[in-house]
Amino acid sequence: MVETASSAKITLPTDEQILITREFNAPKHLVYRAWTTPELVKRWWAGHRGTTTEVEMDLRPGGRWRYVIKANAGFEVAFHGEYREIVPDEKLVFTEVFEGADPLPDADVPVDTVTFTALEGDRAVVHLLTQTTSKAVRDMILESGMEVGMQEQMNLIEELANSLR
């Protein structure tokens, strides 16, 4: 097993934003590949909390995505969204909707911007900025327990990226 670079750090740049920063002991292009290849996403999206049963990705601006997890406790959890911008190996911008929550108006759906940056020594850093339209939505995301699952996901992404070398 490859030693992880670090844990992800969560900061709150504004009342409407969540910024997750994670360094990887893996090259940027392989981290991006683990993030954007359906067969690989299926291996990390659930973290250790279940099994990813569905990964649909139409990786193009205007394309849709949808992931479904069968949680260890037996229930399903699903997320979906639309890609707004894609710069291969550099950047992804997409909406993210949790299907179990009360629906938000389209104008209030969170938008994620993920940037992939190369570091010295065949390493990378990923910044995932979630932009919401209110502190209430931001806090709802934070209070969902997302941090533990996100840490598991990031560790699995690093393992997968290194397995692709």
Side-chain angles (χ1 to χ4, degrees), residues 1-14 16-70 77-99 109-132 138 141-142 144 146-165:
M1 179 181 284
V2 174
E3 182 178 325
T4 61
S6 63
S7 0
K9 293 172 184 51
I10 297 176
T11 56
L12 308 174
T14 72
E16 296 84 26
Q17 295 177 326
I18 302 167
L19 177 62
I20 298 168
T21 303
R22 171 66 152 75
E23 289 188 18
F24 291 86
N25 281 329
K28 170 180 84 161
H29 73 282
L30 295 180
V31 175
Y32 179 87
R33 186 170 156 201
W35 205 289
T36 59
T37 305
E39 305 79 43
L40 299 176
V41 171
K42 198 168 189 178
R43 293 170 55 189
W44 64 260
W45 181 260
H48 299 297
R49 297 167 172 251
T51 303
T52 306
T53 59
E54 185 178 328
V55 173
E56 297 174 14
M57 296 176 78
D58 182 5
L59 195 62
R60 63 179 177 80
R64 303 233 177 238
W65 66 272
R66 184 169 190 264
Y67 305 156
V68 179
I69 298 169
K70 174 86 172 195
V77 179
F79 291 82
H80 71 270
E82 180 180 313
Y83 293 105
R84 294 192 171 170
E85 182 182 353
I86 297 169
V87 180
D89 292 333
E90 302 286 334
K91 181 178 179 180
L92 299 168
V93 180
F94 53 91
T95 60
E96 183 173 3
V97 177
F98 170 53
E99 294 181 8
V109 170
V111 176
D112 293 339
T113 300
V114 186
T115 56
F116 303 82
T117 305
L119 299 174
E120 285 186 37
D122 227 11
R123 297 171 59 244
V125 63
V126 170
H127 297 280
L128 190 165
L129 179 68
T130 299
Q131 178 68 55
T132 68
R138 182 204 70 181
I141 293 168
L142 290 170
S144 71
M146 56 73 81
E147 184 174 3
V148 172
M150 177 271 303
Q151 295 288 0
E152 293 172 358
Q153 289 174 328
M154 295 292 186
N155 290 339
L156 290 168
I157 290 168
E158 185 167 65
E159 288 178 24
L160 278 169
N162 278 299
S163 75
L164 299 172
R165 289 182 189 250

Just say parallel, tilted or perpendicular for the rings of Tyr83 and Trp65, cut-offs at 30° and 60°. tilted
Can you find a pair of side-chain heavy atoms, one from Val126 and one from Ile157, that are under 4.5 Å apart? no
By the side chain to side chain donor-acceptor pair (under 3.5 Å) test, which pairs, at least two apart or in different chains, include something from residues 32-55? Glu54-Arg66
Look only at the side chain of Gln17 and the backbone of Leu129, and say whether a donor-acceptor pair between them is shorter than 3.5 Å. no
If you measure from the Lys or Arg side-chain nitrogens to the Asp or Glu carboxylate oxygens, is any gap between Arg64 and Glu56 under 4.0 Å? no
Among Gln151, Arg22, Glu147, whose side-chain contact (heavy atoms from CB on, under 4.5 Å) with Ile10 holds? Glu147
Could you measure the distance from the CG atom of Asp122 to the NE2 atom of His29? Nearest 0.5 Å is fine. 7.5 Å
Going by the rule side-chain contact (heavy atoms from CB on, under 4.5 Å), which residues pair with Glu90 if we only count those two or more places apart in sequence or in a different chain? Lys28, Val87
Hey, what do you get for CZ (Arg123) to CZ (Phe24), rounding to the nearest 0.5 Å? 11.0 Å
Could you tell me whether the side chain of Thr115 and the main chain of Lys91 form a donor-acceptor pair under 3.5 Å? no
CD1 (Ile86) and CG (Leu59) are apart, to the nearest 0.5 Å, by 4.0 Å
Can you check whether Asn155 reaches Glu152 side chain to side chain, under 4.5 Å on heavy atoms? no
How many angstroms lie between atom NE2 of His127 and atom CD of Glu23, to the nearest 0.5 angstrom? 8.5 Å
Give me the atom names and distance for the closest heavy-atom approach of Ala124 to Val31. CB-CG2, 4.4 Å
